[in-house]
Amino acid sequence: GAVVSQHPSRVICKSGTSVKIECRSLDFQATTMFWYRQFPKQSLMLMATSNEGSKATYEQGVEKDKFLINHASLTLSTLTVTSAHPEDSSFYICSADPGLAGTNEQFFGPGTRLTVL
Amino acid sequence: GENVEQHPSTLSVQEGDSAVIKCTYSDSASNYFPWYKQELGKRPQLIIDIRSNVGEKKDQRIAVTLNKTAKHFSLHITETQPEDSAVYFCAASSAGTFQGAQKLVFGQGTRLTINP
């Protein structure tokens with residue numbers, strides 16, 4: 001149980017285009033999902049908290065108009081990178097907390113490798 | 001906000017020896033401390049976690065200790081094997097901003113290499 005999927009796993013796009021990444025909780029509902037970005041040989045950095053039915057909460061320094069988050073249902077959150085540039089190339093990972101009793105464990109998606117040419 | 005420091009950044013040990021990775025955190029309100037193993041290009045995999053009401057937890061060859069007073073926690077891997085080679089991240093969970101969701105702040109990571 002507690003499986004999270006992401007789509008696509010890899011995407012290559014041209015500079016200036018927009019890319020949408022989907023994060024789905026397959027066997028549980030998640031009121032809250034999280035989006036992380038990981039550059040090569042670096043740690044996971046939280047970008048934003050995705051809240052079902054309301055606006056996302058962005059971490060300091062993350063442009064909300066560039067990284068659009070939509071949490072349309074209790075099993076789906078999407079991250080859209082608008083007007084992507086080469087510096088946005090990174091590994092994007094989502095996670096979800098199923099609210100298991102006694103733990104705050106988050107379950108991670110497999111990640112999406114974005115390459116902007 | 002929370003800040004997590006992790007050391008060392010790289011660690012190389014002989015197969016069969018023990019490995020220890022240490023983390024410190026800044027927010028005394030943090031109450032959940034997971035450790036993740038990440039292989040190249042893969043998602044982080046939870047290997048063990050501990051809550052602030054417990055001082056130590058063990059699962060076979062892996063153990064975690066927590067010192068709330070000093071605000072540090074450590075991962076111990078005994079009888080290391082080549083398949084333990086990976087990047088390990090500690091994290092601390094602090095209160096989120098919506099419906100009690102707690103966000104994770106990660107340490108910088110430790111690249112562990114087990115030499116046969």
Side-chain angles (χ1 to χ4, degrees), chain A residues 2-6 9-10 23 29-62 69 71 74 77 90-113, chain B residues 1-7 9-10 21 23 25 27 29-54 57 59 64 86-113:
Chain A
V3 177
V4 176
S5 70
Q6 267 183 256
S9 57
R10 290 180 178 271
C23 177
Q29 293 183 334
T31 305
T32 303
M33 294 183 177
F34 302 91
W35 286 97
Y36 297 84
R37 180 169 53 183
Q38 186 176 31
F39 292 110
K41 296 187 177 182
Q42 294 190 22
S43 186
L44 284 81
M45 297 297 295
L46 180 65
M47 299 175 65
T49 303
S50 173
N51 310 308
E52 188 270 337
S54 67
K55 293 182 179 180
T57 306
Y58 290 83
E59 295 300 302
Q60 190 172 6
V62 178
I69 291 173
H71 198 141
L74 289 172
S77 175
S90 188
F91 192 49
Y92 291 85
I93 310 175
C94 69
S95 73
D97 181 352
L100 299 175
T103 178
N104 295 106
E105 182 177 357
Q106 294 182 17
F107 291 84
F108 287 84
T112 296
R113 174 78 56 193
Chain B
E2 176 67 277
N3 182 50
V4 178
E5 297 288 333
Q6 182 173 345
H7 298 280
S9 57
T10 60
I21 303 171
C23 288
Y25 61 99
D27 187 352
S30 290
N31 59 7
Y32 175 65
F33 306 92
W35 284 89
Y36 293 91
K37 176 182 180 182
Q38 188 180 33
E39 298 178 348
L40 189 63
K42 304 291 186 181
R43 77 185 87 194
Q45 296 277 3
L46 179 71
I47 56 172
I48 196 166
D49 57 10
I50 192 168
R51 294 188 65 85
S52 58
N53 58 349
V54 176
K57 184 177 178 181
D59 182 4
V64 56
V87 179
Y88 290 80
F89 292 98
C90 64
S93 181
S94 60
T97 58
F98 187 78
Q99 294 190 2
Q102 293 192 288
K103 57 183 183 181
L104 291 174
V105 177
F106 283 80
Q108 295 85 350
T110 297
R111 182 170 298 277
L112 175 63
T113 301

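On a predicted model such as this, the values are computed, not experimentally measured, just so you know. Convention: sequence-line order gives letters A, B, ...; per-chain numbering from 1.
Ranked by non-hydrogen atom pairs under 4.5 Å with chain A, the options B:R111, B:Q108, B:Q45 are led by B:Q108.
A distance-only check finds no donor-acceptor pair linking the side chain of A:Q106 to the backbone of B:K103 [under 3.5 Å]. Under a 3.5 Å cut-off, the side chain of A:S43 and the backbone N or O of B:G109 do not form any donor-acceptor pair.
Residue B:Q38 holds its CD atom at 5.5 Å from CD1 of A:I93, rounded to the nearest 0.5 Å.
Neither the backbone nor the side chain of B:Q6 comes within contact range of chain A, judged by heavy atoms closer than 4.5 Å. With a 4.5 Å cut-off on non-hydrogen atoms, A:Q60 does not touch chain B at all. Contact annotation for B:P34: neither backbone nor side-chain heavy atoms come within less than 4.5 Å of a heavy atom of chain A. If you measure heavy-atom distances from A:F108 to chain B, the contacts under 4.5 Å come from both the backbone and the side chain. Heavy atoms closer than 4.5 Å to chain B are found in both the backbone and the side chain of A:L44.
Shortest non-hydrogen contact noted between A:E105 and B:Y32 is CA-OH, 3.3 Å.
Under the 4.5 Å side-chain criterion, counting only non-hydrogen atoms from C-beta, A:S95 is not in contact with B:L104. Using a 4.5 Å cut-off on side-chain heavy atoms (C-beta onward), A:Q38 and B:F89 make contact.
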